[in-house]
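We're numbering straight along the sequence, starting at 1. Computation of the quantities below employed the complete heavy-atom set of this structure, encompassing side-chain atoms and omitting hydrogens, waters and symmetry-equivalent molecules.
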Amino acid sequence: MEWGVNNPYISQGDNYFVKLSCRSCYSAPVKHLHGLNERQMEAALHTEGPLLIVAGAGAGKTKTITHRIAHLMSKGVSGASILAVTFTNKAAGEMRGRIRKLLSNSVHEMPYVATFHSLGVRLLREFANKAGISRQFVIWDRDDSTRALKKVLKDKSLDERYNPRAILSVISREKGEGRVAETYGESTRTPFEKAVAEAWTQYEKDAATEHALDFDDLLLRTLLLLQKDIDVLSELQQRWSYITIDEYQDTNRVQYELARLLGGARMNVCAVGDVDQNIYSWRGADIAHLLSFETTYPHTKTILLEKNYRSTQTILTAANAVIAKNTRRYAKNLYTDNPTGEAITLYGAPDERMEAQFVVRSARELMSSGVDASEIAVLYRENFQSRSLEEVCIELGIPYRVLGVRFFERTEVKDLLSYLRAALNPASRMDISRIIASPPRGIGKQTLEKLFSGNETLLQASARAKILVFRTLLSKIREKIETASASKAVHFAFIESGLEKHFKEGDEEDRERFNNARELVSLATKYDALPAPLGIEHLLEDAALMSEQDSLDPALSGGKTKQSAISLMTVHASKGLEFDAVFITGLEQGLFPSMHESDDRDPEEERRLFYVALTRARKHLFLSYAASRLKYGSREYTMPSEFLEDIDTRLFAPAPSPFVHRKRGLLDTWSEDAIT
């Protein structure tokens with residue numbers, strides 16, 4: 001480490017010291033900064049004013065963030081003054097754990113670390129009256145929103161012409177841009193846009209009736225609150241003096257504005273991200289937010305983290321070459337002190353079946369050589385590609401799991417959660433509709449319609465009696481939620497609802513459902529430390545906001561991942577994860593890179609997606625493609641992906657199959673000279 005005007009610290013062994021006015025003067029050792037490299041240290045020591053950390057894949061960004069926060073607190077900054085926001089519960093949990101470990105439980109008040117959505121939930125519950133909503137609002141997940149919109153379209157006789165998911169996608173995109181139904185309706189031109197406006201308006205009315213907010217509302221309603229209520233905004237700006245936004249390249253317009261407003265005039269905003277890993281433009285993520293950060297926040301200090309701690313140099317050399325062709329980025333070159341590593345395996349198969357056999361057999365060989373199955377991931381561009389891979393896994397007896405099949409989406413788990421939600425919010429018609437016949441209790445569809453339409457007096461005495469019993473049940477569950485621990489409340493609801501008895505008396509599938517529901521009781525113990533009813537509120541929030549990546553946590557998967565298994569997932573779902581061995585399949589023109597017809601699609605995003613896929617691997621990297629592939633019922637003949645041309649052919653191992661194409665100059669030799 002060189003001494004110079006831009007180096008605010010020096011190293012003596014494992015200790016770092018703040019530089020004073022001369023070489024011979026040292027301060028006491030700076031705590032919580034051990035183990036950081038020079039650029040990470042520079043970022044951690046910059047505590048006042050805007051900071052942009054451009055962190056390459058595997059460059060230790062989470063370590064840098066957590067050490068910076070710990071350093072702030074070691075200087076006397078209260079944990080209550082620090083806000084850190086990221087995009088998944090998994091990432092937030094990891095960040096909290098690392099901070100707690102660094103502080104060695106020496107402080108009583110931890111920073112608030114959350115996802116954008118959970119931050120929105122907290123603020124909307126705290127300022128519910130000012131936001132004009134019920135504090136006990138329920139959160140509609142995508143399935144809930146789709147069902148609600150499907151009903152709207154049916155009621156308006158639009159269901160045969162328009163797909164509810166397509167309309168929901170437009171509504172979600174517009175909300176992400178900060179727009180509301182009223183303003184959208186004023187600018188409609190086409191019949192589809194007019195249908196969206198009509199459906200959106202009714203969708204909002206139905207959600208309000210049920211005291212419900214969807215995913216996008218959690219952000220949009222929070223932004224609207226801060227924009228219209230200066231007192232709330234001022235209070236929050238005083239509360240959080242230091243703000244860190246992780247994965248800043250993935251922010252949409254609403255998230256960008258939330259960060260800007262909370263930062264206020266103080267502008268102590270630390271943005272951490274990587275343009276090269278911006279792969280969610282279809283969700284509204286705008287790469288311009290990171291590229292223009294230095295304009296938005298004048299006098300920004302920008303630091304590039306380029307030293308990779310994850311992958312071999314061979315893998316990094318390939319990744320650097322691929323991403324270098326993009327122009328909208330901060331130029332950087334990942335390097336590592338890790339070994340050169342083994343060559344990259346490139347395999348060309350006659351068809352998708354042969355490709356799957358190569359992948360699964362290679363995975364089996366890795367497992368035989370000592371690589372744990374949980375350290376093996378198979379990535380693909382489109383979900384349909386998993387079919388042939390799953391078939392071969394089953395045939396060869398290789399345990400696997402498909403990321404995206406989530407515990408909280410199981411019918412029996414959603415039923416039990418709906419009992420809890422309906423108990424807290426009796427206005428939630430969606431939850432009541434779901435559970436009133438689960439298990440059957442003699443209340444039919446017509447009875448339910450009269451109940452919801454306010455015509456309960458027209459019901460026969462026997463039907464009214466059944467409704468009364470049901471309402472009494474919800475009241476009992478609510479009382480338990482408000483007085484008992486979270487796990488006891490869930491267990492009580494499981495028994496009193498009749499679900500436990502119903503599953504016990506059922507068939508083998510019902511017994512499986514019984515185990516899944518009982519697993520929710522076990523999971524609820526994580527929330528027992530919170531006072532009632534906060535434990536159940538947090539459980540319901542986490543269940544609604546769980547992402548695909550969060551489902552990798554065995555504690556949140558119904559106990560079904562105790563056996564080590566290889567992971568099958570889309571490249572998008574792999575973001576933020578890492579594995580010893582990674583297979584990237586379907587590297588064909590038209591599939592990866594995918595060819596979409598959207599005119600506003602960023603042409604560089606597919607290359608960023610491939611870069612993300614490459615940098616998930618630590619040691620072993622396998623690339624494969626098929627000469628023909630069955631896609632949606634039709635067999636197509638393909639050419640290898642253009643991305644393969646960007647990788648130096650000397651990085652590839654000798655071809656494992658004589659079928660490997662050479663039309664694009666893909667040779668079968670490997671040389672360490674290629675990485676120098």
Per-pair distances, 0.1 Å, donor-acceptor, side chain in residues 110-117, under 3.5 Å, sequence neighbours excluded:
residue : atom : partner : partner atom : Å
Thr115  : OG1  : Ser118  : N            : 3.0
Thr115  : OG1  : Ser118  : OG           : 2.9

Can you list the steps and then say if Thr62 with Glu94 is a side-chain hydrogen bond (donor to acceptor under 3.5 Å, both in side chains)? CA-CA 9 Å; Thr62 303; Glu94 180 183 359; 4.9 Å; no

For Asp217, all residues meeting side chain to side chain contact (heavy atoms under 4.5 Å, CB included), sequence neighbours excluded: Lys175, Glu204, Leu213, Asp214, Arg221

Cation over ring face, Arg607 and Phe610, 6.0 Å, 45°: no

Give a yes or no answer on whether the side chain of Gln385 reaches the backbone of Tyr380 with a donor-acceptor pair at less than 3.5 Å. no

Evaluate side-chain hydrogen bond (donor to acceptor under 3.5 Å, both in side chains) for Glu390 paired with Tyr400, printing each intermediate quantity in order. CA-CA 8 Å; Glu390 290 185 69; Tyr400 72 94; 3.0 Å; yes

Taking the six-membered ring for Trp, are His289 and Tyr256 ring centroids under 6.0 Å apart? yes

Checking Ser487 against Asp528: is there a side-chain donor and acceptor pair closer than 3.5 Å? yes

Taking atom CZ as the centre, does Arg142 end up with more than 12 heavy-atom neighbours from other residues, nucleotides or ligands that are less than 6.0 angstrom away? yes

Sequence neighbours excluded, which residues qualify as side chain to side chain contact (heavy atoms under 4.5 Å, CB included) partners of Glu174? Val170, Arg179, Tyr184, Trp200

Side chains of Asp372 and Ser564: any donor to acceptor distance under 3.5 Å? yes

Side chains of Asn268 and Ser241: donor-acceptor distance under 3.5 Å anywhere? no

Answer with yes or no whether the side chains of Arg401 and Ser567 bring together a donor and an acceptor at under 3.5 Å. yes

Check the pair Gln313 / Thr336 against side-chain hydrogen bond (donor to acceptor under 3.5 Å, both in side chains), numbers first and verdict last. CA-CA 6 Å; Gln313 187 60 59; Thr336 185; 5.6 Å; no

